[in-house]
Chemist: 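Dropping a structure here in structure tokens format, bear with me for questions.
Numbered from 1 within each chain, the chains take letters A, B, ... in sequence-line order. Computed from a predicted model, the values in this text were never measured in an experiment.
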Amino acid sequence: MDAQTPHASDDANADADTDADTDTDADTDTDTDASTGSKLQEIIATRREKVAQLRAAEVEPYPVRFAPTASLADVRGRYPDLAPQTDTGERCTVAGRIISIRRMGKLTFVVLREDGVDLQLFCPRAALDEGSRALLELVDVGDWLGAQGEVVATKTGELSVKPTTLTLLSKGLRPLPDKWHGLSDTEARFRQRELDLVVNADARRVFELRAKVLGALRAEMEERGFVEVETPMLHPIPGGAAARPFVTHHNALEADLYLRIAPELYLKRLIAGGMPRVYEINRSFRNEGMSTRHNPEFTMLESYEAYADYHDVMALTESLFARAARAARGTTELSYQGRKVSLAAPFRRVSLLELVREATGRGELDYGTDLVELRAVCEQHQVPWEPAWGPGKLVLELYEALVEHTLWDPTFVMDYPVEVSPLARRHRSDPGVTERFELIVVGREHANAFSELIDPDDQRTRFEAQAEAKAAGDEEAMVVDEAYLRAMELGLPPTGGLGVGVDRLVMLLADVANIRDVILFPTLRPQQQ
RNA sequence: GGGCCGCUAGCUCAACUGGCAGAGCAUCGGACUUUUAAUCCGCUGGUUGCGGGUUCGAGUCCCGCGCGGCCUACCA
């Protein structure tokens with residue numbers, strides 16, 4: 001009543017206009033839904049008719065504001081177990097979407113849902129004021145409704161609000177999916193995520209968990225003194241990773257720009273600029289294949305820390321993963337797709353070469369092994385190779401084909417070949433490899449990190465090697481980034497860098513197999529009209 | 001990109017070897033003052049993803065296309 005009164009008077013003048021609009025809407029509706037079944041059109045038409053009836057009764061179906069005094073969760077929290085048939089004497093005003101209506105003559109039960117919490121409205125006709133009785137006849141499942149009344153428990157002990165006043169907050173025109181079977185069509189769940197969220201508690205659960213993970217990651221970084229920054233997503237040249245970019249065009253600049261494939265180079269320019277600890281959590285974009293583990297836009301946490309090496313970064317990574325697990329699941333001891341996995345530190349540390357030696361049974365292999373022999377080993381394991389590949393790339397291919405998917409428990413795979421790591425510094429005691437690691441969990445890469453390359457001349461040489469590869473047809477090879485080189489020439493302190501695939505971390509913690517289940521609106525092929 | 005599978009009412013799903021397109025829920029009408037997927041009575045609802053073909057007859061078989069899922073390949 002407190003929220004309804006002002007609308008009745010405020011909108012009196014506007015009613016003539018809105019009535020006219022309603023009529024046109026009703027006429028055009030059949031056009032917009034002409035391609036769908038007539039039952040849906042009938043349902044929408046019926047609901048529009050109810051909108052018209054409400055307006056005729058001077059009830060605004062789309063009011064401007066409402067002031068609940070309690071959330072449904074508040075009410076539930078205040079009375080965790082009220083005895084059956086109790087009247088608390090406490091009045092409150094609540095709101096939510098109607099997810100169920102059971103009309104039993106002079107008594108109606110309405111179930112509201114708000115933020116994933118359900119609460120029943122116990123509505124004997126006699127308790128309602130006159131306007132609310134009329135309104136109750138015109139509400140449907142899917143509408144938003146406010147209710148003011150007393151908190152009670154029914155004969156069966158169901159906690160309820162027994163309203164004296166009902167306020168329509170928004171009239172829904174489309175039906176909700178089946179209340180029992182829900183919405184299981186995967187395409188509909190991804191394209192109309194709002195329906196998925198209304199109906200499927202699991203969907204809500206995943207995205208609430210995702211928010212907790214992001215909060216935990218930020219909290220850990222903040223506590224360690226890292227400053228969150230935002231660097232460009234529109235890049236004049238793509239850099240920081242080996243990937244094909246999306247290209248776009250800026251009209252005023254008359255220039256092509258690339259959606260970023262990684263924030264890495266900008267973040268390291270900040271280190272050169274004297275910000276000793278920076279991180280960014282945001283989207284990168286890669287114009288490559290899609291799968292259950294790849295969405296074209298995905299979220300990475302990247303961090304850079306002055307004076308640190310990759311051993312320090314491993315410790316940071318362990319803390320981040322363990323903290324995210326505790327925030328999301330309350331423990332580091334998880335189960336993923338039916339199999340146990342522990343995110344408790346320390347994680348296993350092993351070199352890539354060692355893993356390849358084990359997998360191939362060739363203990364003598366290293367990056368000095370003759371190319372002909374390495375190619376033979378590849379063929380022996382059905383790993384395709386290309387003539388342009390050096391020993392580092394061949395060993396990496398063997399690792400990816402034979403080992404990576406077998407590493408279930410968290411494993412830091414260390415010391416990647418220089419050839420495939422153009423931004424990582426050479427190992428302090430073995431110049432053929434870099435101080436780089438990837439973190440593998442449940443057979444998938446979750447993080448990539450290194451002691452950063454800070455020697456500008458070495459970096460230029462590496463960029464030039466990449467440029468040659470690109471000229472030779474490698475579409476994912478990097479290009480020379482002069483702006484970055486200039487920043488390095490200013491002087492980059494020793495730096496430890498980290499990139500974490502946040503979507504994959506959420507998949508791991510939510511025990512979900514498809515990346516599209518952890519992204520609210522995953523990329524899908526556009527629907528043609 | 002390749003392979004396999006799927007697409008039927010608003011939602012969830014049936015329909016034998018090619019033989020009248022159905023059910024539950026929801027909607028709509030009716031009864032009902034303690035329900036919990038309320039119950040009961042009655043009704044309505046379809047371009048079987050789209051386009052061709054075979055056939056007396058196609059949801060079903062064939063060809064093409066669209067969209068999605070899973071696996072696979074590249075990547076995080």
Chemist: For nucleotides 11-13 of chain B, tabulate all protein N/O to nucleotide N/O atom pairs closer than 3.5 Å, reporting atom names and distance.
Modeler:
residue, atom, partner, partner atom, Å
rC11(B), O2', Asp178(A), N, 3.2
rC11(B), O2', Gly182(A), O, 2.7
rC11(B), O2, Asp178(A), OD2, 3.2
rU12(B), OP1, Ser184(A), N, 3.1
rU12(B), OP1, Asp185(A), N, 3.0
rU12(B), O3', Ser184(A), OG, 3.4

Chemist: For nucleotides 71-74 of chain B, tabulate all protein N/O to nucleotide N/O atom pairs closer than 3.5 Å, reporting atom names and distance.
Modeler:
residue, atom, partner, partner atom, Å
rC74(B), O2', Glu476(A), OE2, 3.2

Chemist: Who are the salt bridge (charged side-chain N to carboxylate O under 4.0 Å, His left out) partners of Arg293(A), not counting sequence neighbours?
Modeler: none
Chemist: Test side-chain contact (heavy atoms from CB on, under 4.5 Å) on Leu136(A) and Cys123(A) and set out the steps.
Modeler: CA-CA 9 Å; Leu136(A) 190 55; Cys123(A) 308; 4.2 Å; yes
Chemist: Would you indicate which nucleotide in rU34(B), rU44(B), rG68(B) comes nearest to any side-chain atom of Lys39(A)?
Modeler: rU44(B)
Chemist: Give the rounded distance in Å between these two atoms: CG of Asp118(A) and C1' of rA37(B).
Modeler: 13 Å
Chemist: Quick one: label Phe190(A) by what it contacts on the DNA or RNA (base, sugar-phosphate, nothing), any heavy atom closer than 4.0 Å.
Modeler: sugar-phosphate
Chemist: In whole angstrom, give the distance that lies between atom NZ of Lys155(A) and atom P of rU34(B).
Modeler: 6 Å
Chemist: List the atom pairs, with distances to 0.1 Å, where a side-chain N or O of residues 381-388 of chain A and a protein N or O form a donor-acceptor pair under 3.5 Å, not counting sequence neighbours.
Modeler:
residue, atom, partner, partner atom, Å
His381(A), ND1, Val377(A), O, 3.0
Trp385(A), NE1, Glu379(A), OE2, 2.7

Chemist: Would you classify Asn514(A) as touching base, sugar-phosphate or nothing, given that sugar-phosphate means primed atoms plus P, OP1 and OP2, and contacts are heavy atoms under 4.0 Å?
Modeler: sugar-phosphate
Chemist: Output all residues satisfying side chain to side chain contact (heavy atoms under 4.5 Å, CB included) with Gln85(A), sequence neighbours left out; order by chain, then residue number.
Modeler: Lys155(A)
Chemist: For Arg191(A), give me all partners under side chain to side chain donor-acceptor pair (under 3.5 Å), at least two apart in sequence or on another chain.
Modeler: Glu187(A)
Chemist: I need the full list of side-chain hydrogen bond (donor to acceptor under 3.5 Å, both in side chains) pairs touching residues 399-411 of chain A, with sequence neighbours left out, sorted by first then second residue.
Modeler: none
Chemist: Represent RNA chain B in dot-bracket notation, 5' to 3'. Only Watson-Crick or G-U wobble pairs with both distances under 3.5 Å count; pseudoknot-style crossings use [ ] and interstrand partners use |.
Modeler: (((((((..((((.....[..))))..((((.......))))......(((((..]....))))))))))))....
Chemist: Which pairs pass side-chain hydrogen bond (donor to acceptor under 3.5 Å, both in side chains) with one or both residues in residues 416-425 of chain A, sequence neighbours excluded?
Modeler: Tyr416(A)-Glu438(A), Ser421(A)-Arg436(A)
Chemist: What ring-ring contact (aromatic ring centres under 6.0 Å, His included) pairs are there with at least one residue in residues 135-161 of chain A, not counting sequence neighbours?
Modeler: none
Chemist: Using the rule ring pair (Phe, Tyr, Trp, His ring centres under 6.0 Å), only one of Phe321(A), Phe347(A), Tyr310(A) pairs with Phe412(A); which is it?
Modeler: Phe347(A)
Chemist: Only pairs at least two apart or in different chains count here, so list each side-chain hydrogen bond (donor to acceptor under 3.5 Å, both in side chains) that has a residue in residues 111-125 of chain A.
Modeler: Arg102(A)-Gln120(A), Arg113(A)-Asp118(A), Asp115(A)-Arg204(A), Gln120(A)-Ser160(A), Arg125(A)-Glu137(A)
Chemist: Distance check needed: rU35(B) P versus Leu112(A) CG, whole Å only.
Modeler: 19 Å
Chemist: Apply salt bridge (charged side-chain N to carboxylate O under 4.0 Å, His left out) to Lys50(A) and list each qualifying residue two or more places apart in sequence or on a separate chain.
Modeler: Asp140(A)
Chemist: Please work out if Gly501(A) contacts a base, only the sugar-phosphate, or nothing of the nucleic acid, heavy-atom cut-off 4.0 Å.
Modeler: nothing
